[in-house]
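Okay, so here's the structure we're looking at.
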Amino acid sequence: MLQKKELPKLNEGFARIVFCHNENDVEATIKAYSALGPLDTLSNGCFGQKNPDAKIQLGIMKFLKKVEAPSSLGSCSDSVQDSACPQASNANNTCCKGTTKQSLLLGAASKEVKESEDMAKGSVDADVSAGDITTLAFPSISTADFQFNNEKASDIIVEKVEEFVNKLENARLVLVDLSHGSKILSLVRAKAAKRNIDSKKFFTFVGDITRLYSQGGLHCNAIANASNWRLKPGGGGVNAAIFAAAGPSLETATKERAKSLLPGHAVVVPLPSDSPLYTREGVSHVIHVLGPNMNPQRPNSLNNDYTKGCSILREAYTSLFTGFLSIMRSRLKLPRRISEKLESSPSDLKDPSHGPRNHLTNSDQKIKRDDDSVYERSKKCKGTHNETVADISAPSSTYGKVTGDKSKLEGPTSKSWGSWAQALYHIAMHPEKHKEKLLEVLDAVVVLNDLYPKACKHLLVLAQHEGLDCLADVHQEHLQLLMTMHAVGLKWAEKFLHEDSSMVFRLGYHSVPSMRQLHLHVISQDFNSNHLKNKKHWNSFNTAFFRDSVDVIEEIKNHGKATIKVEDCQLSMELRCHRCRSAHPNIPRLKSHISICQAPFPHALLENGRLVLAPKHNWSDT
DNA sequence: GTTCTAGAAC
DNA sequence: GTTCTAGAAC
């Protein structure tokens with residue numbers, strides 16, 4: 001615990017952060033600082049110490065944060081919003097009461113106290129929640145190992161921040177340094193204050209850039225990496241730390257984007273969802289940026305040519321912030337985390353291991369409920385949150401417009417099926433009229449090729465039972481039928497595997513099918529088809545929208561109905577490889593990637609027979 | 001489900 | 001300029 005004698009006097013313009021490990025430390029720290037002068041209570045449980053002569057004030061900010069393994073953050077993810085770090089929050093949230101707390105003690109010159117107060121107020125008054133503030137954390141480029149002059153660098157940082165800060169709307173930039181005594185941080189702080197840069201949109205932060213959320217409670221969607229030209233891990237400093245923290249998938253994802261980087265340039269890399277930086281810290285993108293090098297012992301040294309150096313450093317920050325703006329734009333277009341959250345089951349929400357991801361998604365959901373103005377609402381997302389099996393029975397435009405065909409209103413779900421959506425229904429009701437299309441006709445099911453296959457092998461096992469339009473209509477009494485459909489699908493998959501043992505199959509249902517009449521998809525996992533043309537096609541087979549037959553059967557056995565999380569946004573969410581989970585910007589790029597990706601399938605798919613493989617196929621080879 | 005196409009993104 | 005997406009119509 002800090003003793004009074006250990007509290008060095010703060011110089012004007014400097015900040016001090018003290019981490020306390022429990023409530024007693026917090027109280028004792030406040031007491032110790034109180035001894036230096038009277039403390040004023042600020043809003044939101046913060047305290048400020050006024051010293052009018054020195055124009056120094058201290059703000060002690062409590063932020064409620066569990067000091068446990070980072071993976072457990074999710075259990076009080078909402079409470080992290082209560083952080084006095086400049087994240088907006090729900091002031092009423094009390095979920096972490098009684099848990100171990102840390103406190104952040106911040107001393108600052110008068111200008112900065114204004115900033116602290118703003119931060120504290122922001123955590124109470126802001127009408128958007130923390131996860132909605134898109135944040136870029138960036139280290140100072142080139143001032144460490146590349147030995148760029150701090151004075152010059154700080155001028156450029158402030159100049160570029162000033163240029164971009166007005167384009168940020170609901171987003172912010174944070175300059176991060178590990179060291180409390182960081183010269184570049186104090187220079188930038190002073191210069192930013194002088195230029196009256198909005199402290200809600202730009203501030204400095206002392207902490208480990210790879211642990212901003214788990215250690216500092218600061219959620220950042222994107223972090224910048226002071227990279228090397230090879231875009232390789234290693235070296236030292238920030239680059240090594242970020243690659244180490246992100247795990248090997250960052251290197252893979254980076255390689256897909258660029259092989260090397262020129263000084264002054266940046267490359268935006270979406271973080272694969274298995275990266276610890278993504279799961280633990282909530283970072284969705286790493287932006288590698290290469291600055292000018294003044295260190296003669298590193299490649300491409302500029303030999304102290306600061307004319308060139310400054311120009312390149314400006315370019316580097318421009319590239320970095322432009323890259324961040326592009327991430328912001330894509331976020332505005334589609335709040336992707338919403339769909340990711342809805343992909344997870346309700347029980348996942350209670351799973352502490354989800355940490356910042358839930359923190360984000362909860363807040364994204366909140367904003368969709370409370371504030372239409374912040375995000376452009378996707379028409380598709382309206383009114384579809386957490387709908388239950390019963391909810392999806394309501395007529396929906398998803399199913400095409402009412403055509404006057406009386407059959408469209410038949411069946412227990414009473415939803416409107418467009419005329420084009422009736423084809424399978426007609427086949428099931430009158431298989432004898434469609435013999436040429438059928439691969440197999442059995443008592444309860446018929447088998448046919450999908451008219452627009454999305455993979456080399458893609459067929460449908462179609463139930464003949466009238467009144468079973470989709471998964472939502474399936475109940476306990478249909479268990480035997482589901483098992484038959486699965487067995488028939490499996491038999492066909494095995495037949496194909498016999499012909500080509502390298503194939504892999506998946507059997508499952510679309511949560512909300514486009515075509516009427518319950519049908520099981522049997523689809524090979526190559527997804528090599530000209531008919532696979534858009535996001536909806538991909539995501540309907542590669543998100544939670546696709547319900548594995550084995551899981552559906554289990555749910556019917558155990559609960560008498562299938563869990564259906566209806567969320568149209570699932571179908572427009574980001575495109576990720578079904579094997580390595582890497583993200584891709586569009587369908588053509590995704591398709592060229594999946595044509596070569598040899599990564600093993602995710603464990604979740606390899607479990608419980610969700611994937612059907614040739615018996616002797618050795619996945620350790622791939 | 002597909003096709004068509006305007007306009008956004010590159 | 002081309003590529004790509006996403007909404008409307010069917």
Side-chain angles (χ1 to χ4, degrees), chain A residues 167 256-258 265-268 270 285 319 322-336 338-339 375-384 392 396-405 407-408 413 415-428 434 437 448-455 458-462 469-471 508-523 527 529-543 545-546 567-576 583-594:
Chain A
K167 301 176 184 171
E256 285 167 12
R257 298 271 156 166
H265 288 247
V267 57
V268 178
H285 293 77
S319 306
T322 306
F324 178 54
L325 284 175
S326 73
I327 298 170
M328 273 178 59
R329 278 200 297 271
S330 61
R331 242 175 90 85
L332 283 167
K333 208 166 134 194
L334 174 68
R336 66 168 65 139
I338 294 166
S339 36
Y375 281 125
E376 207 180 298
R377 289 185 80 168
S378 162
K379 265 209 292 192
K380 282 180 140 191
C381 293
K382 277 183 184 170
T384 56
I392 66 162
S396 154
S397 61
T398 310
Y399 306 98
K401 76 176 182 190
V402 176
T403 61
D405 178 350
S407 64
K408 74 190 173 292
T413 49
K415 72 181 65 142
S416 312
W417 296 94
S419 55
W420 50 264
Q422 307 276 356
L424 292 178
Y425 171 76
H426 293 310
I427 293 171
H434 303 272
K437 296 173 191 157
L448 67 156
N449 277 314
D450 193 298
L451 184 58
Y452 300 98
K454 303 301 183 293
H458 181 188
L459 45 82
L460 304 176
V461 179
L462 180 65
D469 286 351
C470 57
L471 214 43
Y509 300 85
H510 283 155
S511 292
V512 183
S514 297
M515 304 287 281
R516 180 183 182 188
Q517 193 65 20
L518 185 69
H519 54 279
L520 172 72
H521 291 269
V522 178
I523 185 164
F527 295 105
S529 165
N530 291 333
H531 294 290
L532 201 160
K533 293 175 177 171
N534 59 43
K535 241 178 197 184
K536 187 174 170 180
H537 292 154
W538 177 259
N539 284 334
S540 71
F541 290 100
N542 292 289
T543 66
F545 187 86
F546 189 80
E567 177 50 72
D568 286 353
C569 291
Q570 281 173 338
L571 298 177
S572 51
M573 66 196 284
E574 64 189 350
L575 298 166
R576 283 191 182 270
H584 299 270
N586 55 47
I587 287 288
R589 298 268 286 273
L590 172 75
K591 288 180 81 170
S592 63
H593 168 79
I594 60 173

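All values below come from the heavy atoms of this structure, side chains included, with hydrogens, waters and symmetry mates left out. Per chain, numbering begins at 1; letters A, B, ... match sequence-line order.
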OG1-CD distance between A/Thr543 and A/Gln570, expressed to the nearest 0.5 angstrom: 4.5 Å
What is the distance from CG of A/Leu451 to C1' of B/dT3, rounded to the nearest Å? 14 Å
Between C/dA6 and A/Lys533, is there an OP1 or OP2 to side-chain N/O distance shorter than 4.0 Å? no
Determine the contact category for A/Ile587: base if any of its heavy atoms lies under 4.0 Å from a base atom, sugar-phosphate if only primed atoms, P, OP1 or OP2 are that close, otherwise nothing. sugar-phosphate
Listed nucleotide nearest any side-chain atom of A/Asn586, set B/dT2, C/dC10, C/dC4: C/dC4
Just how far, in rounded Å, is P of C/dA6 from CH2 of A/Trp538? 16 Å
Among A/Lys533, A/His537, A/His531, which residue satisfies the side chain to side chain contact (heavy atoms under 4.5 Å, CB included) criterion with A/Tyr452? A/His531
What's the closest nucleotide to the side chain of A/His537 if the choices are C/dT5, B/dG1, B/dT2? B/dT2
Compare side-chain N and O positions of A/Lys454 against OP1 and OP2 of B/dT2 and report whether any pair is under 4.0 Å apart. yes
Quick check for you: among B/dT2, B/dT3, B/dG1, whose closest atom lies nearest to any side-chain atom of A/His510? B/dG1
Can you tell me how far C1' of C/dA9 sits from CH2 of A/Trp420, to the nearest Å? 11 Å
Give A/His519 one of three labels, base, sugar-phosphate or nothing, depending on what nucleic acid heavy atoms sit under 4.0 Å from its own. nothing
State, with a plain yes or no, whether a side-chain heavy atom of A/Trp420 is found less than 4.5 Å away from one of A/Ser514. yes
Report yes if the ring of A/Tyr452 lies under 5.5 Å from the six-membered base ring of B/dG1 with planes under 30°, and no otherwise. no
Between B/dG1 (P) and A/Leu571 (CG): distance, integer Å: 9 Å
From C-beta outward on A/Lys535, which listed nucleotide comes closest to its side chain: B/dG1, C/dT5, C/dA6? C/dA6
Which class fits the ring pair A/His510 and A/Phe545: parallel under 30°, tilted 30 to 60°, perpendicular over 60°? tilted
Would you please classify the geometry between the A/Phe527 ring and the A/Phe541 ring as parallel, tilted or perpendicular, with 30° and 60° separating the classes? tilted
Distance check needed: C/dC4 P versus A/Asn534 CG, whole Å only. 13 Å
Given atom CZ of A/Arg589 and atom C1' of B/dA9, what is their separation to the nearest angstrom? 12 Å
Gap between atoms CD and P, on A/Glu574 and C/dC4 respectively (whole Å): 19 Å
Taking NE2 from A/His584 and C1' from C/dT3, how many angstroms apart are they, rounded to a whole number? 18 Å
